[in-house]
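What's counted below: heavy atoms across the whole structure, side chains too, no hydrogens, waters or symmetry copies.
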Amino acid sequence: MEPGKYLHVAVVGVGGVGTQVVEQLIANPIYGFQLVALTSSKRMLQSTKDLCINPVAWKDALNASETPVNLSTVKSTLQELVKQGEKTVFIDNTSSQDVAEMYPALLSAGINVVTPNKKAFSGEVGLYRGIVQASRSGKYLHESTVGAGLPIISTLRDLVETGDKVVKIEGVFSGTMSYIFNNFSSVEGSDESFSSIVKGARAQGYTEPNPADDLNGADVARKLTILARIIPELKDEQGNFPLLHGYQSVETTSLIQDAPASAISNGNEFMKWLPEQDAHFAQMRQQAANEGSVLRYVGVVDVKNKVVKAELAKYPKTHPFATSLGGSDNIIMFHTERYGKRPLIVQGAGAGNDVTAMGVVSDILKLIRP
């Protein structure tokens, strides 16, 4: 096989998103991919000189494998291919901090990294700095860490790299929060209780198994961290990236700050506790309605004032955050010098295995397009 003809792919994590990634790669009629390794949480499948992974029967082959997961072996396999002049990519579909911490070593070895895993880009600044420094050897792409398949990160990079100045980014970044508040505080009005809407969202799979993990605002804070670190004006005078402690440095309004420990650690206990907050949320909804507004959980990166925050805010019923959203949509507004009078808006489905996988596969294609 001619060197560089195929992109050699290792897929780590084949849950909902990972499975979609593999299926979308297999279905691609234009570019050639060679599956080098597949790993689930328990087992691993690797191609060898004598045996290639059959893309049609990969699920059965992986389920039948008795090889335990060893990501060091995967790295070594990809590294050897790089030495042979091949293009390689490590696709991390997990949410693992341990896997994220492998990125600098992978990149330094010339292995490209594509991932929807937010951990590496929204945590302590040291890991992020290490990734950026190691990217001289390999590329890292993570479009789907913000907005699933929506072109949020690529749009921001295009604005920055063409010399535009970002003034502010604001948006509804959480599909879960979008669904909840689109229904709880709609333009038409609603009498349904907050806990009832959260219960429905949970039943439909819009929330984490424990909705506390959505309502604490941490997911939005992570996405804001990822975007803030791309904006040059938010670096300090020494050129250091902002938000030293990542998402924990973001001013974040938790909607469950009064929740007992038992509710935060257990989804069923959380749902038993949540109705106690219904009167509080109903009062906020009524106050917003009296002002001709709705409630939306938003993220804001205010470059001018160097403020990054996630909060529950009021928006007029005529605002796009009130009128344009449906279901679990995300909507992000880029206020820049070029887009001063009318912000650049990106909107669409911000959650779901298929659209998240599309964001991942789109990044993979960027590695091999001529």
Side-chain angles (χ1 to χ4, degrees), residues 6-26 33-55 58-84 86-124 126-145 222 353 356-357 359-361 363-364 367:
Y6 293 98
L7 181 66
H8 296 262
V9 175
V11 182
V12 177
V14 288
V17 172
T19 293
Q20 279 290 314
V21 168
V22 176
E23 295 298 335
Q24 288 182 26
L25 286 175
I26 292 170
F33 302 96
Q34 188 75 42
L35 286 172
V36 173
L38 296 164
T39 80
S40 65
S41 58
K42 297 179 180 178
R43 51 182 62 90
M44 179 170 79
L45 185 66
Q46 272 199 287
S47 63
T48 65
K49 291 181 179 179
D50 302 318
L51 180 66
C52 292
I53 297 174
N54 184 341
W58 69 268
K59 285 185 182 178
D60 292 337
L62 179 59
N63 289 333
S65 174
E66 297 181 357
T67 305
V69 177
N70 187 330
L71 295 184
S72 294
T73 301
V74 174
K75 175 179 175 288
S76 298
T77 300
L78 294 175
Q79 196 167 356
E80 189 58 38
L81 287 165
V82 171
K83 291 178 181 176
Q84 296 170 18
E86 302 289 354
K87 296 178 181 177
T88 65
V89 61
F90 181 98
I91 306 170
D92 172 21
N93 298 307
T94 75
S95 59
S96 166
Q97 181 68 36
D98 290 339
V99 179
E101 289 178 359
M102 293 179 62
Y103 297 175
L106 290 164
L107 293 166
S108 295
I111 300 164
N112 300 300
V113 174
V114 170
T115 183
N117 185 350
K118 302 179 196 60
K119 296 285 175 67
F121 312 101
S122 61
E124 295 291 325
L127 175 57
Y128 184 73
R129 188 187 301 116
I131 291 169
V132 173
Q133 291 172 346
S135 65
R136 298 185 185 98
S137 302
K139 294 181 180 179
Y140 67 93
L141 296 163
H142 56 105
E143 182 70 71
S144 50
T145 56
R222 284 190 180 277
N353 292 337
T356 302
V360 174
V361 174
D363 276 346
I364 296 167
L367 294 173

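Between atom CD1 of residue I91 and atom CG of residue L25 there is a gap of 5.5 Å, rounded to the nearest 0.5 Å. Between atom OG1 of residue T88 and atom NE2 of residue H8 there is a gap of 8.5 Å, rounded to the nearest 0.5 Å. To the nearest 0.5 Å, atom CG of residue L35 and atom CG of residue L45 are 9.0 Å apart. Atom-to-atom distance recorded for I53:CD1 and Q34:CD is 8.5 Å, nearest 0.5 angstrom. Between the CH2 atom in W58 and the OG1 atom in T19 there is a gap of 4.0 Å [rounded to 0.5 Å]. One distance of note links OG of S47 with CG of N54; it measures 12.0 Å at 0.5 Å rounding.
By the 4.5 Å heavy-atom criterion applied to side chains, V11 and N93 are counted as neighbours. Using a 4.5 Å cut-off on side-chain heavy atoms (C-beta onward), Y140 and V132 make contact. The side-chain heavy atoms of P104 and L127, taken from C-beta on, include a pair separated by under 4.5 Å. F90 has its side chain within reach of V99: a pair of non-hydrogen atoms, C-beta onward, lies under 4.5 Å apart. Inter-residue side-chain proximity for L81 and V36 is flagged as met; some heavy-atom pair is nearer than 4.5 Å.
Ring geometry, F121 versus Y103: the interplanar angle falls from 30° to 60°, so the pair is classed tilted.
When atom types are taken as modelled, the side chain of K119 and the backbone of S95 share a donor-acceptor pair closer than 3.5 angstrom.
Side-chain atoms of T77 and Q46 form a donor-acceptor pair, as typed in the model, at a separation below 3.5 Å.
For the residue pair L78 and A10, the shortest heavy atom distance occurs at CD1-CB, 3.9 Å. Between D363 and S144, the shortest heavy-atom contact is OD2-N, 4.5 Å. Across all non-hydrogen atoms, the minimal contact from A357 to Q24 is CB-NE2, 3.6 Å. For V361 against V21, the heavy-atom pair with the smallest separation is CG2-O, 4.0 Å. The minimum heavy-atom distance between T145 and T115, with the atom names listed, is CG2-O, 3.7 Å. Closest of all the heavy-atom pairs between A109 and V82 is O-CG1, 3.7 Å.
Listed by first and then second residue, the salt bridge (Lys or Arg N to Asp or Glu O under 4.0 Å) pairs that reach into residues 94-104 come to none, sequence neighbours excluded.
For N112, the side-chain contact (heavy atoms from CB on, under 4.5 Å) partners two or more places apart in sequence, or in a different chain, are V89, K139, L367.
The only option from L141, I131, L106 that meets the side chain to side chain contact (heavy atoms under 4.5 Å, CB included) definition with V113 turns out to be L106.
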Using residues 60-69 as the side-chain source, report each donor-acceptor pair under 3.5 Å to any protein atom, sequence neighbours left out, with the distance given to one decimal.
residue: N63; atom: ND2; partner: K59; partner atom: O; Å: 3.2
residue: S65; atom: OG; partner: M44; partner atom: O; Å: 2.5
residue: S65; atom: OG; partner: T67; partner atom: N; Å: 3.1

